[in-house]
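Worth knowing before you read on, the calculation uses all heavy atoms, side chains too, and leaves out hydrogens, waters and symmetry mates. Given the structure is predicted, the values throughout are model-derived calculations rather than measurements. Lettering of chains follows the sequences in order, A, B, ..., and the numbering in each one begins at 1.
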Amino acid sequence: MSTSQDLPGIIQAKLSSGEAAITVHEASLMQGWVRASRILALVEHENECALFIFISSRMPPEVFTDLAIERVIPVDADFKCEIDAGEQSVDVYVNISSRKLKLLFEMIPGLKTNNFVSEIMRSMEALSKRRGPPPEFQWLHKYSGSSNRNSADCVASSLDTSDDDAFKASKTEAEKMLDILDSPDIVVPRQSIAQGATPIAARESVIRHQMSMKEDDYTFTQTLRMFIGTWNVNGLPPSSSLTPWLASDLEPPDIYAIGFQELDLSKEAFLFNDTPREEEWRKAVMAGLHPGGKYRQVALVRLVGMMLILLVEEKHVKHVRNAAFETVGTGIMGKMGNKGGVAIRVEIHNTSICFVNSHLAAHVEEYERRNQDYHDICSRLSFSKFAPVKCIKDHDQIYWLGDLNYRITEVEINTVRDLINQNYFPALIQYDQLHRQRSQNNVFEGYHEGAITFKPTYKYDPGTDDWDSSEKNRAPAWCDRVLWRGDGIEQKEYRSHPILKTSDHKPVSALFDSQVRVIDVVKYRKVHEEVMKKLDKLENEFLPQVTVDNTEIIFDIVRYLEPQSQELIIANTGQVPVQFEFIKKLDDSKCCKEWLNIDPPVSFIMPGEKCDVKLEVFVDKKSAFKLNSGVDKLYDILVLHLEGGKDIFITVTGNYERSCFGSSLEALVHVSVPVREIPIGKLVELETTKEAPGGMEPYPIPKEIWFLVDHLYRHGLKKQNLFLLPGLHSELLAIRNWLDNGSSEPLPGSLHSIAEALLLLLDSTSEPIVPFNLQSVCLGASSNYLQCKQIVVQLPEYRKNVFLYLCFFLQELLSHANENGLDAKTLATVFGGIFLRDSPRPSARANSTVDRKKANFVYHFLVNDLSDYVVSKALHLGPSS
Amino acid sequence: MAKKTYDLLFKLLLIGDSGVGKTSILFRFSDDAFTSTFISTIGIDFKIKTVELRGKKIKLQIWDTAGQERFHTITTSYYRGAMGIMLVYDVTDERSFENIVKWLRNIDEHANEDVEKMILGNKCDIDGKRAVNKDRGEAIAREYGVPFLETSAKANTNIDKAFNDLATAILDKYAGKEPGDAPDRVMVDPRRGDTSRRSCC
């Protein structure tokens, strides 16, 4: 995936004015079982940020019309971004979630990804530090089909009629992807793969993502009764039993979260955070719990006067995991602990719960300061022992209790007391600062509070139920509150306990029936197994698959120098692009025998497409001898390898029609009949034993050479450019047939063809006329005729015969130089390469010096008198039997 | 790209005469399905399946080989690297049973020395045409010290057990060895050190 230089510019062009793309990044969206390319952009508009997810009709996009907006997710209080750091992986997984929407992106690790995620984190931080009303994201409404503000968390794009086709194509693709997500069977549309989607590699992150999507399938809910209590004790020690507060209900709760404020107002407590009150009140709590249950303290946290105790009924303790606590001071200098919050988080079964006890800023007019304290606690309180770090909002359920200190204002104190005396709380709540600030979305967004049906809990003359009678004559207020956030929470009670008179506050409690998700281990295993099975199935289905139309390629009759070809059709019947290659077998140096050529040997096929592979059999001098001598057969098994997948074996067979071409001189002199007439196997035997069948007197030279030379001697001595001009391929084949099959017809073909046939025949023998091992001696002797002569005399008999016979003939040709225009040097060059053929080994590479020496060697024999050589009479040119 | 849903990757191989049911055994194990039409495997194919053994997720990569005689030279080249080999014969085909010895010899010649082996007598659902008694299978298995099971891909008899047993044998052998035997893991730190910036205390 390469990022176009221009990507930010293209994205910017897609946006409206006033919207600025802060950062742009390419990522893969894990959708269901496939991974699809997306472009993510963090877009800012008047201090509000949103994450835009784009689909592009091509990657990378080239113009903004390539892009379609798939989703817009506002960076609001519900927006979460987590990096999956739990696993060492080659890729970075980023979870983006907003309410019910959960998206998993795969990104390539590196600076770009780091920067992108950092920018998202920064925008989330900016949001948490933001003061005043929360962002409304009005500017996103135009990206939303239904502009319902509250449900605009995830704005799905709607089809705009004015948009181009690329948009529609992308949209339908996205829809298909979503279908896959739900379909019980994995059917991944081929075209989506072709459009750049690739199967998800089975990984832990994907499994976790899948498991979290299927949570409902393996969890059931269990209702736990939660008792949440808060009391500002005004620095006083316990003076009476807490039973009337903590055990006022018939049924014992499952969980207690009890918060105190102003536990100790002494300087020591403030400065050294040390107080005997902690233990006094803790004991009082333990003594005051419901007698119907046995409770274990799970955690206790205190910051100066704020203390929070979490107690869990014994039978649930084993299901409580990952308990942690943190404190945040928001008092003097913005950090002292006289104000602030303490929190405990746990996971009970599969539900994460956070309890926050806070004491917010005092004084009637300081409600904004209280809002600020709330936001500070939210942004600064984090449970750092987790990776990624968990904040308050990262929990399924949050219970927020404490002396929030919001007052009743803008109403006469007497009116307040009158309304209280009439128990007419709905009217009074209108003047409650927390009520007002919440309705303006300035604080506690997303939290709920039950209807208040109890008298304000502040401020009383301690020890009485009388309103403050001090000089300050403070107006009554609902300072002490319990709010909650999350699913499956039902408030059963919300009340104060005026019977406890120790403090100038009355204790408050709220009782909840809260549903926690419990993992059914059996079902979990089953779902997990299913997910694994699906991934296995997917992985198997995404293995490269092809069919070949034929795994046994049969060539009927193959003749020397006569190419034949057949086509093999490889069809990609799988879901993924296939790279195929014909690979070599264990000890082979090539993927096929030398008489076979595969074109193309390597290629790439898209799903649904085909590739024609041409298999050509061509027997030339390189392979003919092996076929004639039985060392090799026209039989090969090709291994068609699919990269990352299976291998298919393709058998290639054919019948080679043996020929004098590609035989050895030694074998040919023993054959008195045309090669085709000797029984199959005989030639093989001859090549191995080099002995005449039935005691036949071998010819001094192969009759085939004689036929050709004799014809040229009779008819071609005056032919111009003999051995210099090529013959016709068809005539060469006819000459080959004539030699191999025998015929009463005259030798076919033009003189040039016959001359070339002679050269080809000499060139095709298993060894050249001068054996390979003598070549270097010959080259060394090439300047000295006598030495050359010495070598020739010592050549094996038939080779010497052929050599001299040809030299006689060439001298004869040169004697007609006036007519045929040939010269000794030219012929010496042509025959030098034939008589002194290079070894087929790659080390022996032709070069001009060697060629010149070869020509020199032959030249001696074309210009010197050869009559003193002792040769068989049969080698004399001219009419013979 | 390395895939990480598993703790270990085991490469297994199925060998045996043509037509004994190697492909069917694999198909039953990976797809839990069976088809009675015989399509000769012309090549080497594989499927993957993840199993959980002793609390470890183990990805099995199971290679199915062509059984035809003419491919033997080529298929033996795939033995190396296999951690477990299933030798399959057909209980209704005497010859395929006799060839087990030949297949065992092939393993000795071409496979890793410490490869785990298992002999399967497949098609044990067919009673009428049985040519090789279970005793004989057990006897040869005992002789060569190789575990033995009679299986039926058609009736889904002992298929899961066969693979689980073979994988367990490999697991037991590799247990205690260095984790270097595990599939290669690429160590990349996805900006873990950077996460602290999320909290601004």
Side-chain angles (χ1 to χ4, degrees), chain A residues 83-85 87-94 107 109 113-114 117-118 121-122 124-125 128-129 201-207 326 328 379-384 387-389 391 525 528-529 532-533 535-537 539-540 543 548 551-552 585-587 637 639-641 645-651, chain B residues 1-7 23 26-27 29-33 39-52 57-66 68 70-80 110 184-201:
Chain A
I83 296 164
D84 201 332
E87 134 187 52
Q88 257 93 44
S89 168
V90 284
D91 292 304
V92 175
Y93 288 88
V94 178
M107 299 182 191
T113 293
N114 285 3
V117 176
S118 296
M121 297 297 187
R122 201 165 295 146
M124 290 167 67
E125 266 176 41
S128 68
K129 285 181 177 157
R203 291 162 199 235
E204 282 307 325
S205 288
V206 177
I207 299 233
E326 282 295 339
V328 165
S379 64
R380 286 169 48 197
L381 195 143
S382 59
F383 299 97
S384 51
V389 170
C391 296
R525 283 234 178 93
H528 189 262
E529 206 168 277
M532 295 300 290
K533 253 190 200 164
L535 281 170
D536 282 353
K537 186 168 190 282
E539 201 173 329
N540 283 328
L543 289 173
V548 291
T551 56
E552 286 180 48
K585 295 177 287 288
L586 261 192
D587 304 323
I637 298 176
V639 181
L640 172 61
H641 173 68
K646 65 176 175 183
D647 293 357
I648 299 166
F649 300 155
I650 291 159
T651 314
Chain B
M1 244 184 280
K3 286 145 190 154
K4 289 295 173 298
T5 27
Y6 51 88
D7 304 316
T23 306
L26 180 53
F27 192 47
F29 184 58
S30 70
D31 290 47
D32 196 23
I39 301 164
S40 188
T41 304
I42 308 288
I44 304 279
D45 201 353
F46 73 89
K47 287 195 181 271
I48 65 110
K49 177 153 170 137
T50 313
V51 295
E52 205 164 322
K57 269 178 244 137
I58 296 162
K59 182 160 164 179
L60 304 178
Q61 190 183 53
I62 307 157
W63 292 77
D64 178 23
T65 62
Q68 285 178 46
R70 59 191 169 120
F71 298 128
H72 285 182
T73 337
I74 301 182
T75 51
T76 51
S77 67
Y78 293 83
Y79 288 18
R80 199 154 296 283
H110 300 283
D184 50 335
R185 283 178 180 268
V186 186
M187 306 290 276
V188 173
D189 190 349
R191 56 169 302 219
R192 180 171 293 164
D194 211 5
T195 44
S196 59
R197 65 181 311 280
R198 278 199 61 183
S199 64
C200 52
C201 330

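- Closest approach of B/Arg70 to A/Thr651, counting heavy atoms only: NH1-OG1, 2.7 Å.
- In this structure, A/Asp647 CG and B/Asp45 CG are separated by 9.0 Å, a value rounded to the nearest 0.5 Å.
- Within the model, atoms CD1 of B/Ile42 and CD1 of A/Ile637 stand 9.5 Å from one another, a figure rounded to the nearest 0.5 Å.
- From B/Ile48, atom CD1 reaches atom NZ of A/Lys537 across 12.5 Å, with rounding to the nearest 0.5 Å.
- From B/Thr73, atom OG1 reaches atom NZ of A/Lys585 across 9.5 Å, with rounding to the nearest 0.5 Å.
- A/Asn540 places no side-chain N or O within 3.5 Å of a backbone atom of B/Lys47 that could act as its donor or acceptor partner.
- Interface remark: A/Val639 contributes side-chain atoms only to the contact with chain B (heavy atom separation under 4.5 Å).
- Interface residue A/Glu552: only side-chain heavy atoms are found under 4.5 Å from chain B.
- The shortest distance between side-chain heavy atoms of B/Glu52 and A/Arg525 does not fall below 4.5 Å.
- Atom CG of residue B/Asp32 and atom NZ of residue A/Lys533 lie 6.5 Å apart, to the nearest 0.5 angstrom.
- Only the side chain of A/Leu543 comes within less than 4.5 Å of a heavy atom of chain B; its backbone N, CA, C and O stay farther away.
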